[in-house]
Amino acid sequence: VLYEADIALAVSRKVRDSLRARGIEVLMTRNRDTLIALDDRGRMANRANASLFLSIHVNAANPRWRNPAAARGFETYFLADAKTEDERRVAEIENEVTRFEVGVATKPGDPLAFVISDMLQNQFLRESSELAAVVQEHLSAVHPGEDRGVKQAGFRVLVTAHMPAVLIELGFGTNPAEARYLASTRGQAELAGAIARSTARYLAQLDRRRAAGGGR
Ligand SMILES: [Zn+2]
């Protein structure tokens, strides 16, 4: 059995190490199995004045699909209203985590769509979609699975982060070959390396743009 949290944490730690080796400061919102509400993770990043926010995950096929075990591949999301059924599915899974992780249920009729239209999010929409594109491009250079592209959906974990923010689905734990890759030391090192390179590249771009007075 492949546990999403274990894989995600292992890859996140490798991303952290790789970024620190490049002189980039990293704050982990979850360093071991401590449970931190999704909403609080973004707030932690705000308090730290972080330049960007990465949320790393493992995807799961919908058991109702015709051939769920066949689904594989990686995708990177930024925060915006979901447009497709599949984007809504992933947002539902990731937003559900609140319930299991901290016992705080999302209130029925929680106006997530309203929160997304918040000015603070719109401000970072373009930067977040650019960051997502850079991450997805670097992942495609190493990942053996299908490039499922840059996508958008309403993720709780991204809503409270007032900075460019993306959510990465490393692959499908429900696909046996992909699960082996995600659990392997080599696979984790490749994925973490790609995420770290794309993050460093994006931060350098952001610095240049802001130094040039382009603002955001
Ligand atoms: Zn997840």
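In listed order, ligands and their atoms are each counted from 1. Predicted, not measured: the structure shown is a model, and the values here were computed from it.
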* Check: Gln136 side chain, Ala133 main-chain N or O, donor-acceptor pair, under 3.5 Å ->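 No: the side chain of Gln136 does not pair with the backbone of Ala133.
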
* Asked: Does the Glu178 side chain pair with the main chain of Gly73, one donor and one acceptor, at a distance under 3.5 Å?
  ->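 Yes, because the side chain of Glu178 sits within donor-acceptor range (under 3.5 Å) of the backbone of Gly73.
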
* To do: May I ask you to say whether Arg20 pairs ionically with Asp17, meaning some side-chain N is under 4.0 Å from a carboxylate O?
  =>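 No.
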
* To do: Taking only Lys NZ, Arg NE, NH1 and NH2, and the carboxylate oxygens of Asp or Glu, determine whether Glu92 and Arg88 approach each other closer than 4.0 Å.
  =>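 Answer for the salt bridge query: no.
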
* Asked: Taking just the N, O or S atoms of Glu4, which one is nearest to the Zn ion (ligand 1)?
  ->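 Going through the N, O and S atoms of Glu4 one by one, OE2 ends up nearest to the Zn ion (ligand 1).
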
* Measuring from the Zn ion (ligand 1), name the closest N, O or S atom belonging to His57. =>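 Output for this pair reads ND1.
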
* Asked: Does any N, O or S atom of Glu94, backbone or side chain, fall under 2.8 Å from the Zn ion (ligand 1)?
  ->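 Yes.
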
